[in-house]
S.K.: 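Handing you a structure now.
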Amino acid sequence: MLKKLFIAWQDPRSRAWFAIAQLTHSGDSYQFRYLQGVKEAREKSGFAGLFSFPDLEKVYESPNLFPFFSNRILRRSRPDYPDYMSWLNLPESEYDPMAMLSRSGGTKVTDHFALFPYPELDDRGRYHLYFFTHGLRYLPSASADRILTLQVGDRLFLMHDFQNEFDRLALMLRTEDAHLVGYCPRYLREDIFEVFQQNPHAVTITVERVNPPPAFLQMRLFCHLTVDWEGFQPFSSSMYQPLPEAVAVLE
């Protein structure tokens with residue numbers, strides 16, 4: 001089965017996000033290629049591409065995971081590795097770099113990149129995606145306290161944060177009793193708004209896992225999003241379309 005991750009870059013000055021590339025894994029090899037969104041990032045924010053992948057119009061292929069990505073995965077030799085895998089809700093015994101990157105987001109304090117997965121499609125035509133809520137550090141401590149009382153399977157609901165001065169389309173997550181518990185990731189914003197305009201009941205978000213301290217705050221609440229809407233095509237805008245390419249193989 002082909003697994004796919006998108007790579008997003010944030011302009012540190014304007015704070016705008018751009019989907020710039022994708023990483024796929026077929027089981028035999030990894031492929032990296034740029035998307036149309038890299039052109040927008042270059043035109044609006046001067047993004048020049050990744051040092052490890054200098055040619056925007058090539059597909060980079062390797063039997064091993066590229067260092068740009070492997071450096072974003074916690075090493076199995078770390079003493080906190082079992083806890084980390086538990087926070088990601090992944091079996092410690094199954095080493096799956098693509099799953100680890102998709103759930104952790106692959107973020108580093110030294111750069112401005114984030115990773116997110118293409119949703120999984122089940123045999124009933126529903127799309128599934130797992131994510132950690134964002135922005136808890138901007139919410140009162142009562143939000144983190146409320147998260148600790150949540151149970152697996154509890155419903156969460158979306159709210160439009162109209163007056164967010166940094167993100168006019170920000171979507172917040174609340175509990176049934178109206179406690180705010182974080183933000184929906186930005187990469188979901190465009191698709192979620194479209195679905196809500198057409199069929200607001202097609203989206204369901206539930207609690208998948210709660211990680212109490214010492215888990216990092218950004219890994220406190222793990223959610224499961226389901227979209228049940230015939231005709232829905234996630235990440236189908238022009239930004240996510242691949243650039244024309246010529247094949248290049250990395251050893």
Side-chain angles (χ1 to χ4, degrees), residues 5-6 74 80-92 94 96 98-107 114-161 164 167 169-196 199-229 232 234-235:
L5 294 177
F6 294 110
L74 194 71
D80 53 347
Y81 180 80
D83 289 335
Y84 185 74
M85 292 295 285
S86 177
W87 298 341
L88 296 178
N89 208 28
L90 292 172
E92 181 185 347
E94 296 180 16
D96 186 340
M98 293 291 281
M100 294 172 68
L101 289 168
S102 71
R103 296 199 174 188
S104 70
T107 55
L115 312 177
F116 56 95
Y118 189 85
E120 303 169 4
L121 182 64
D122 68 19
D123 55 6
R124 294 177 53 186
R126 301 175 302 181
Y127 283 96
H128 300 267
L129 192 143
Y130 300 87
F131 64 90
F132 286 101
T133 56
H134 290 193
L136 264 178
R137 67 183 184 274
Y138 301 117
L139 297 178
S141 58
S143 294
D145 294 338
R146 180 65 177 91
I147 287 173
L148 296 178
T149 69
L150 293 173
Q151 302 296 316
V152 174
D154 284 352
R155 284 285 305 273
L156 299 175
F157 303 89
L158 290 168
M159 294 177 56
H160 188 179
D161 188 4
N164 188 317
D167 186 355
L169 298 180
L171 290 171
M172 304 188 75
L173 287 160
R174 66 167 178 84
T175 62
E176 190 169 14
D177 57 350
H179 283 80
L180 300 178
V181 290
Y183 284 85
C184 189
R186 290 192 180 202
Y187 60 80
L188 290 174
R189 186 181 64 189
E190 180 180 345
D191 284 351
I192 293 300
F193 264 105
E194 179 183 353
V195 172
F196 263 72
N199 185 356
H201 301 291
V203 177
T204 303
I205 300 176
T206 57
V207 174
E208 185 71 12
R209 183 179 176 87
V210 174
N211 295 316
F216 309 124
L217 190 62
Q218 62 268 30
M219 300 178 75
R220 189 61 49 82
L221 179 56
F222 192 53
C223 301
H224 177 195
L225 179 145
T226 304
V227 179
D228 188 3
W229 183 32
F232 174 63
F235 305 128

S.K.: Output every pair passing salt bridge (charged side-chain N to carboxylate O under 4.0 Å, His left out) with a member in residues 125-136, not counting sequence neighbours, ordered by first then second residue.
M.R.: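 Sorted result for residues 125-136: D122-R126.
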
S.K.: Identify which one of T226, V227, L188 satisfies the side chain to side chain contact (heavy atoms under 4.5 Å, CB included) criterion when paired with V203.
M.R.: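 Checked T226, V227, L188 against V203; only one passes side chain to side chain contact (heavy atoms under 4.5 Å, CB included): V227.
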
S.K.: Going by the rule side-chain contact (heavy atoms from CB on, under 4.5 Å), which residues pair with P200 if we only count those two or more places apart in sequence or in a different chain?
M.R.: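 So P200 forms a side-chain contact (heavy atoms from CB on, under 4.5 Å) with F196.
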
S.K.: Sequence neighbours left out, what passes ring pair (Phe, Tyr, Trp, His ring centres under 6.0 Å) with H179? Give chain and number order.
M.R.: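 By the ring pair (Phe, Tyr, Trp, His ring centres under 6.0 Å) rule, H179 matches no residue at all.
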
S.K.: Does the structure place the NZ or CZ of R103 under 6.0 Å from the centre of the six-membered ring of F222, at an angle of no more than 45° from the ring's axis?
M.R.: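 Checked: cation-pi criterion not met.
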
S.K.: By side chain to side chain donor-acceptor pair (under 3.5 Å), which residues pair with R209, not counting sequence neighbours?
M.R.: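 For R209, the residues satisfying side chain to side chain donor-acceptor pair (under 3.5 Å) (neighbours in sequence not counted) are S86, N211.
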
S.K.: Residues two or more places apart in sequence or in another chain: which of them pass salt bridge (Lys or Arg N to Asp or Glu O under 4.0 Å) with D96?
M.R.: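 Checked D96 against salt bridge (Lys or Arg N to Asp or Glu O under 4.0 Å); matches are K3.
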
S.K.: Please name all residues satisfying side-chain contact (heavy atoms from CB on, under 4.5 Å) with F157, sequence neighbours left out, ordered by chain then number.
M.R.: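 With sequence neighbours excluded, F157 shows a side-chain contact (heavy atoms from CB on, under 4.5 Å) to R155, R174, E176, given in chain and number order.
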
S.K.: Going by the rule side-chain contact (heavy atoms from CB on, under 4.5 Å), which residues pair with P82 if we only count those two or more places apart in sequence or in a different chain?
M.R.: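 Partners of P82 under the side-chain contact (heavy atoms from CB on, under 4.5 Å) test: E92.
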
S.K.: List in chain and number order the residues that pass side-chain contact (heavy atoms from CB on, under 4.5 Å) with L121, two or more places apart in sequence or in another chain; answer none if no residue qualifies.
M.R.: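 With neighbours one apart ignored, the set is Y127.
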
S.K.: Applying salt bridge (charged side-chain N to carboxylate O under 4.0 Å, His left out), which residue pairs with at least one partner in residues 139-150 are found, sequence neighbours left out?
M.R.: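 Counting only pairs at least two positions apart or across chains, the salt bridge (charged side-chain N to carboxylate O under 4.0 Å, His left out) contacts touching residues 139-150 are R146-D177.
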
S.K.: Listed by chain and number, what are the ring pair (Phe, Tyr, Trp, His ring centres under 6.0 Å) partners of F116, not counting sequence neighbours?
M.R.: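 F6, Y187, F235.
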
S.K.: State which residues pass ring pair (Phe, Tyr, Trp, His ring centres under 6.0 Å) with F216; sequence neighbours excluded, sorted by chain then number.
M.R.: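 F216: ring pair (Phe, Tyr, Trp, His ring centres under 6.0 Å) contacts with W87.
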
